[in-house]
Amino acid sequence: MRCSRAFIPTLKEVPADAQVASHIYMVRGGFIRRLAAGVYSLLPLGWRVIRKIEQIVREEMDATGAQELHMPSVLPAELWRETGRWDEYGPLLLRIEDRKGAAFCFGPTHEEVVVDIARREIRSYRDLPLNLYQIQGKFRDELRPRAGLLRSREFIMKDAYSFHASAEDASSEYARMYAAYQRIFRRCGLEFRVVEADPGAIGGNESHEFQVLAESGEDALVACQRCAYAANVEQAEVGAPAEPGVRGDGDLEKVKTPGTKTIEAVAGFLNVAQERLIKTMIYMADGAPVAVLVRGDRAVNEVAVKKVTGASELELAQQEQVESATGAPYGFAGPVGLAIPIYADAELEGATGAVAGANEADAHYTGVSLGRDASVRRYATLRLAESGDPCPRCEDGTFELMRGIEVGHVFNLGTKYSKPMAAAISDEAGQEHVMEMGCYGIGITRVASAAIEQNHDDDGIAWPMPIAPYEVTLLPLQMGDESVREAAESLYRELTDAGVEVLFDDRDERPGAKFKDADLIGVPLRVALGKRSVKAGEIEIKWRWEREATTAPLAGAGEAVAALVRAERRRYVERAAEVSRP
RNA sequence: CGGGGUGUAGCGCAGUCUGGUAGCGCACCUGCUUUGGGAGCAGGGUGUCGGAGGUUCAAAUCCUCUCACCCCGACCA
């Protein structure tokens, strides 16, 4: 592509509404433009990147035997009512009406549609297994879209849905998808970590997230420094503490603590460490209040609370609910004499000499011994994992905290959708039963953003070659100089003929402008030639992520550069090939 | 949904407090010079001041309503 004819509107200044690198550089580099909050146009450069990612995904999916299809984006409400998600999905669903007033939504995901297809067409176990996938735009009316394509409302996603006659078969498909995802992200040149995720109350049994490691990631992860265990903090188990976290002396005693509504204030007022306090949080579990106890310096893990209480809806109690449950104003809840069910973090088992709220205004207890003074229904790991916590899977491994961007998610669904939608097959014995399902998503547009978060510097993007908009950018530094122009033109022809994707900056711009734009756009291999180099019979070659350029003879430059490109392509394919296809 | 903030030229912003001819930088157009890291000089303004209503002789500026966008929060009793 010739820059003189290309639509690549680059910007010198940082757009006012962008804060993260991927958003800034996608806008500045002319990859995307915003149309509304969380809604973007993909300009030619951005679209090329998306298509590259799609193609990698497509090849790896097809290699597993999955088949691509396309589904509607406007979906009828009745389908969503069958699974109950018309109501459950809440404000995330963009609802629309047709001219007759019939209700539709813009598809945020397509389980309902694909199950509808499957239940109509599939009758026998002989038709299974089947894996259907789509790569298309979806819309979720996010609470807060942000950071460009990292969390947008309209986005492009690959979603695969598999159908099986048995749970065992679903499990082996899960393993195939897991491997395919590793290959896909390796081919995209991403550094990622697979983490255990929350299979949730869905009744699913397995779920993993593929997280691209980046400072700007929205998800907090913990990873064991010794073994392979990694998990979303919300999902992370924590190894058993060596000894009770709170140990102290003293008898139960009520003390006045006027106005101390926070852990910090109580600790300061009584002059004790925060870890000597018992934090009492009141939650509404399916509408009924429960108390959750953690050490004063810890945070509650709501996913864990949900699991231990078996609640399907869990939210922090409102101020009034706290008052009616504890009989005390907001800020003085404690386990002693509390009438509602109490769940405590494992770390508090055997706690003595602790400080806790007294369930009355301006008072706390000191010398609390949980076993003696309160009736705890159950001890379990209820706190959020932190850096340095013991690993639950291995001996003396500890957690390291990192941030990630979720780019893929694999899910063993069980019969969550097939059951309410009555998607059944007959088995060998002629018995009807509901199909087992799995679903497997990849955020295509998010992959592009994540790649930039991981591969950029102060000047712009440094795309991994497999997903770069072009493989080589060719910069003739003086278009006015005939020898330079002719050398560049013939090199452009040679490379293009060799199957290399070249962005040829044939604009009549000054060298500085060309270098700046090239760095911004982030094409991995830069080939520059100017009066000086042509006279010396040389070209200048520089990888985007390297500091220094090298030179190569102008004679035979086309073949030399093409060879570099082929080698670079091969690197990623080889890395992917290390993961075998089960 | 709660809190904070911003809407003025294609982009980034000043002007608003204290009402009085709409500005700056970049970009863009013309010309000349320039050409290895976003060139210099000269000339050119391309604008429903987010929208509607109101106050006033006069509104970007004051008042009311409204729309859009951004940031933080929506778990630490």
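Order of the sequence lines fixes the chain letters, A, B, ..., with proteins taken first and strands second; residue numbering starts at 1 for each chain. Since this is a predicted model, take the numbers as computed values, not measurements.
Phosphate contact (OP1/OP2 of C71(B), side-chain N/O of Q19(A), threshold under 4.0 Å): present.
If you measure from atom CG of D297(A) to atom C1' of C75(B), you get 16 Å, rounded to the nearest angstrom. One atom, CZ of R153(A), and another, C1' of C69(B), lie 11 Å apart when rounded to the nearest Å. Separating the CZ atom of R28(A) from the C1' atom of C26(B) is a distance of 12 Å, rounded to the nearest angstrom. Atom CG of L150(A) and atom C1' of C71(B) are 16 Å apart (whole Å). Computed from coordinates, the M284(A) CE to C75(B) P distance equals 15 Å when rounded to whole Å. Residue R146(A) contributes atom CZ, which lies 11 Å from atom P of C70(B) at whole-angstrom precision. Spacing between atom OH of Y25(A) and atom C1' of G38(B) amounts to 14 Å, rounded to whole angstrom units.
Counting non-hydrogen atoms under 4.0 angstrom, D517(A) reaches a base of the nucleic acid. Across all strands shown, R298(A) has heavy atoms under 4.0 Å from base atoms, whether or not it also approaches the sugar-phosphate. R33(A) comes within 4.0 angstrom of no nucleic acid atom, judged by non-hydrogen atoms across all strands.
Partners of R446(A) under the salt bridge (Lys or Arg N to Asp or Glu O under 4.0 Å) rule, at least two apart in sequence or in another chain, do not exist in this structure. Contacts of D362(A) classified as salt bridge (Lys or Arg N to Asp or Glu O under 4.0 Å), with partners at least two apart in sequence or in another chain: none. Residues meeting the side-chain contact (heavy atoms from CB on, under 4.5 Å) test with I24(A), sequence neighbours left out: V14(A), A18(A), R28(A). Listed by chain and residue number, nothing satisfies the salt bridge (Lys or Arg N to Asp or Glu O under 4.0 Å) test with E406(A) (two or more places apart in sequence, or in another chain).
Residues A223(A) and M402(A) share a closest heavy-atom pair of CB-CE, 3.8 Å.
Figure legend. C13(B) is base-paired to G23(B); pairs are counted as Watson-Crick or G-U wobble with both atom distances under 3.5 Å. Using the Watson-Crick or G-U wobble rule with both distances under 3.5 Å, C62(B) pairs with G54(B).
Residues V300(A) and L11(A) both approach RNA chain B. Their nearest nucleotides, taken by heavy-atom distance, put L11(A) toward the 5′ side.
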Any N/O pairs under 3.5 Å between the protein and nucleotides 12-16 of chain B? List them or say none.
unit_1	atom_1	unit_2	atom_2	d
G12(B)	OP1	A16(A)	N	3.1

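Counting atom types as modelled, R507(A) pairs no side-chain N or O with a base atom of G38(B) as donor and acceptor under 3.5 Å.
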Problem set entry | Under 4.0 Å protein heavy-atom contact, by nucleotide of nucleotides 27-37 of chain B - B base, S sugar-phosphate only | S------BBBB
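With respect to the salt-bridge test (charged N to carboxylate O, under 4.0 angstrom), the residues R485(A) and D506(A) do not qualify.
Looking only at side-chain heavy atoms (C-beta outward), W86(A) and L93(A) come within less than 4.5 Å of each other. At a threshold of 4.5 Å between non-hydrogen side-chain atoms, the residues R33(A) and V27(A) count as touching.
Ring geometry for F31(A) against W463(A) counts as tilted: the plane angle lies between 30° and 60°, on a 0 to 90° scale.
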